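These notes are about the structure you will find just below.
Both ligands and their constituent atoms are indexed starting at 1 by order of listing. Keep in mind that this is a model prediction, so the values were computed, not measured.
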Amino acid sequence: MIVLHNHHQGVRFVAFMLYIRSMKNIDNPQERIACLSRMLEEHNHNYYVLNAPTISDRDFDMLMQELQQLELEYPQYALPNSPTQRVGSDINRAFTQVSHIYPMLSLGNTYSIEEVAAFYERVKQGLGDAPFDIVGELKFDGTSISLIYENGRLLRAVTRGDGTMGDDVTRNVRTIRTIPLVLKGDDYPPFFEIRGEVLMPWSTFEKLNQEREQQEEPLFANPRNAAAGTLKLQNPAIVASRGLDAYLYYMLGDNLPCDNHYDNLQCARQWGFKVSDTMRVLHNLEEIKAFIDYWDVERRNLPVATDGIVLKVASKEQQEELGYTAKSPRWAIAYKFQAEEAVTRLNSVSFQVGRTGTVTPVANLEPVQLSGTVVRRASLHNEDIIRSLDLHIGDMVHVEKGGEIIPKITAVDVDSRPADSQPVVFVRNCPECGTPLVREEGEAAWFCPNSNHCAPQIKGRIEHFIARKAMNIDSLGTETVAQFYDRGMINNVADLYTLTVDDVAALKLQGRKWAQNIVDSIARSCEVPFARVLFALGIRFVGETVAKRLASSMKSMEQLRDATVEQLTAIPDIGERIAMSVVEYMNDIDNLLLIERLAQYGVQMRVEEKPESAPAENILNGASVVISGTFEHHSRDEYKALIERFGGRNVASVSGATQYLLAGANMGPAKLEKATRLGIKIISETEFLQMIGGK
Ligand code: IVH
């Protein structure tokens, strides 16, 4: 989130305190929930749509936490469109299909200015030479959405589907912060539809792919796929975390405020929708051409992906007059930008070895300018792609960016190929350790099977092991791991647990505190639950979700070690490919020794048995506990359940009667201050877990 400017902070803080003061007297939970909901919605709009927040992130989080807590206590008062829904819930449900009120058509496409001129001429004739305006807009490259509002509230959100029916994705769309759940003002029609594009900004997309790369999950090819894929996820909480955005560009209904499409969208902006301020009213063909030329260049500087511009007849009445073909409106057209391309020489091909041994070919190119950046490398994906391009060293190749992660080679200029050039040959031995590579049936990739003695695989596995979603050894980074490995201090993940403060401190002058921190966080990783340990091992095809599935069925490393392919494939979502990979891993003596050592060092090797219901032990002895902030090991709801299971009471706010404040990260300062003043014992997540016996 954006950091507030200091000189504004004072003013904003005062505004915030006034809010709080005005709310202080509201003790009635129903009113308080309504008031908090309104305030949070206002702040959402200020932050996401206007880009002008009036309170700090922390204050916002405090209000949100209070609302969440109240809604948990008084679910009967929670509003269906509460801002807490933005965070999404964990309930998993397939989508239902709903019919569109008006079919969702596509647009006629063109790549040439001549065809744009022909469109303009057709419109002119169609309107019998009456004067008309055109609205020029960007063509956002995401996935389209239809939103229905009734009495100012979001009723339903539906994907395009086949144009006639789409998926009801309301629960996911509620998590998109730029889509208002409740409209501002009171001059909106009682029932209307608004359409737009759900998209993922470039920066969010790049971050998401970086994370996926680290987890060896398949990357999204472009922000459009990422947005569409995210919108179809079954878990709104994950959708919420993906940072989707939405621009609205088309309003439908019987009682729209104006005849002019442009004016209608300006109203929509007042009601709280995100409407692009790049829209322009264009009066003639010259202005249209200038608009196209401008965006053909400027689109490179936009924070979101666009693939062209859209031209629409401005007047709704004239739109109706022009009508529709079977597929698209006669009153609009899309002009698509050319994919950006450059031609350069292929100097060589390198082969990189990843954590799971997969060997990826990368083209090294003569540096060339493309979409504002210098391109030096291009992805070649796998052997089949090299073959289908018939790629030779020294070839002049066409590279395209078109929203891909790294540019790709789309074509080879065979005519200019030097007579003596050599075809690119995929290596047959690991470029790092020399072991013959293996390609399994049905797989596109070659991989190095020498997993326990191939340097990049070992380092990669250790990096994976310490990652936040795995063992969460956050004080260690890639560089330190590489240093440990290069100095022979560690050869595998179990060696991490043998490191002493002296060993580590030797790497850095005056590094004792740093070293202590590292050794402590390695020791703390023994608390990480079994499912994450399983994920951390980095078994091929065993990602986070698969690891959870395996752990909940198999319960312990021993059971998993002895499981057969048949037993494993009987687990929901576990196919043969995963099962075989697990069995193969467990048949390797080096892996078994490694697991044995990890167990000796105290790493979790079985699922914690949780006696269902019935207070386990009355450790907390009726103590009242306030939960605040965010946590690493369990969700807030889980902590609430744990408090109750161990004989405590979870209460919403700090008072003289509170015994403990369970303090997570980013906890509200007001709570902290009050707890300190009242002398309440503040305990960390780790302390709490120790208190209840490391549950
Ligand atoms: S108007 C009947 N405006 O392009 C016309 N569409 O090929 C409805 N799109 O499905 C669409 N930006 O997903 C319109 N400014 C814009 C747009 C836009 C992107 C997408 C939309 C639509 C597709 C049509």
Side-chain angles (χ1 to χ4, degrees), residues 100-111 115-116 119 123 134-147 157-167 169 173 176 178-179 192-201 222-232 244-253 256 260-262 264-266 268-269 273-282 288 291-292 294-296 298-299 302-316 318-337 403:
H100 291 298
I101 303 174
Y102 308 91
M104 275 179 99
L105 302 175
S106 64
L107 290 171
N109 273 340
T110 172
Y111 287 88
E115 284 186 38
V116 170
F119 160 78
V123 168
I134 293 284
V135 179
E137 300 170 15
L138 289 175
K139 188 169 190 303
F140 296 106
D141 200 8
T143 180
S144 44
I145 192 80
S146 146
L147 308 173
V158 187
T159 62
R160 175 160 187 246
D162 62 2
T164 313
M165 283 179 101
D167 283 330
V169 288
V173 164
I176 302 175
T178 36
I179 293 183
F192 70 97
E193 176 171 351
I194 189 162
R195 291 183 184 169
E197 203 81 351
V198 169
L199 39 85
M200 188 178 281
N222 49 47
R224 175 180 10 96
N225 291 2
T230 301
L231 204 57
K232 292 290 186 73
L244 292 177
D245 200 347
Y247 279 102
L248 285 307
Y249 48 61
Y250 184 38
M251 207 194 301
L252 303 95
L256 303 188
N260 190 308
H261 162 68
Y262 182 89
N264 278 332
L265 286 187
Q266 304 315 310
R269 179 184 285 134
F273 292 102
K274 187 158 177 171
V275 172
S276 172
D277 50 20
T278 58
M279 282 177 82
R280 291 288 176 276
V281 178
L282 307 168
I288 293 175
F291 186 79
I292 291 178
Y294 177 80
W295 283 113
D296 206 354
E298 277 307 309
R299 65 174 162 134
L302 287 167
V304 296
T306 51
D307 59 342
I309 61 149
V310 180
L311 301 168
K312 298 174 184 168
V313 170
S315 154
K316 281 268 177 196
Q318 290 182 330
Q319 288 182 4
E320 292 313 313
E321 203 178 325
L322 290 162
Y324 299 81
T325 70
K327 280 206 332 236
S328 51
R330 288 202 182 86
W331 47 264
I333 194 168
Y335 169 87
K336 298 261 237 152
F337 300 131

Roughly how far, to the nearest 0.5 Å, is the CD1 atom of Ile134 from the CD atom of Gln318?
9.0 Å

Counting only N and O atoms by type, is there a donor-acceptor contact under 3.5 Å from the side chain of Ser146 to the main-chain atoms of Val158?
no

Suppose we measure from atom 8 (C) of ligand 1 to each protein heavy atom; which comes out shortest, and what is that distance?
Tyr250 CD2, 4.1 Å

Look up atom CG in Leu265 and atom CD1 in Ile194, then write down how far apart they are to the nearest 0.5 Å.
6.0 Å

Who's the nearest protein heavy-atom neighbour of atom 10 (O) of ligand 1, and how far?
Ser144 OG, 3.7 Å

So for Leu138, does at least one of its heavy atoms come nearer than 4.0 angstrom to any atom of ligand 1?
yes

Which atoms from ligand 1 have a heavy atom of Pro329 less than 4.0 Å away?
2 (C)

Hey, does Trp331 come in under 3.5 Å of ligand 1, counting only N/O atoms on both sides?
no

Looking only at atom types and distance, does a side-chain atom of Arg330 sit under 3.5 Å from a main-chain N or O of Tyr324, one as donor and one as acceptor?
yes

Is any N or O atom of Lys139, backbone or side chain, closer than 3.5 Å to an N or O atom of ligand 1?
yes

Shortest heavy-atom approach to atom 21 (C) of ligand 1 - which of Tyr324, Phe140, Tyr249, Tyr247:
Tyr249

Can you tell me how far apart CG (Leu311) and OH (Tyr335) are? Round to the nearest 0.5 Å.
10.5 Å

Only heavy atoms of Leu107, strictly under 4.0 Å: list the atoms of ligand 1 that pass.
5 (C), 6 (N), 7 (O), 24 (C)

Rounding to 0.5 Å, atoms CD (Glu321) and OG (Ser315) come to a distance of 8.0 Å

Closer than 4.0 angstrom: is that true for some heavy atom of Lys312 and an atom of ligand 1?
yes

Could you tell me how the ring of Phe140 sits relative to the ring of Tyr249: parallel (under 30°), tilted (30 to 60°) or perpendicular (over 60°)?
parallel

Atoms of ligand 1, numbered as shown, that sit under 4.0 Å from any heavy atom of Glu137
3 (N), 15 (N), 16 (C)

Decide whether an N or O pair under 3.5 Å exists between Arg160 and ligand 1.
no

What residue and heavy atom of the protein are closest to atom 13 (O) of ligand 1, and at what distance?
Glu197 OE1, 2.6 Å

Look up atom CD1 in Ile288 and atom CG in Leu282, then write down how far apart they are to the nearest 0.5 Å.
6.0 Å

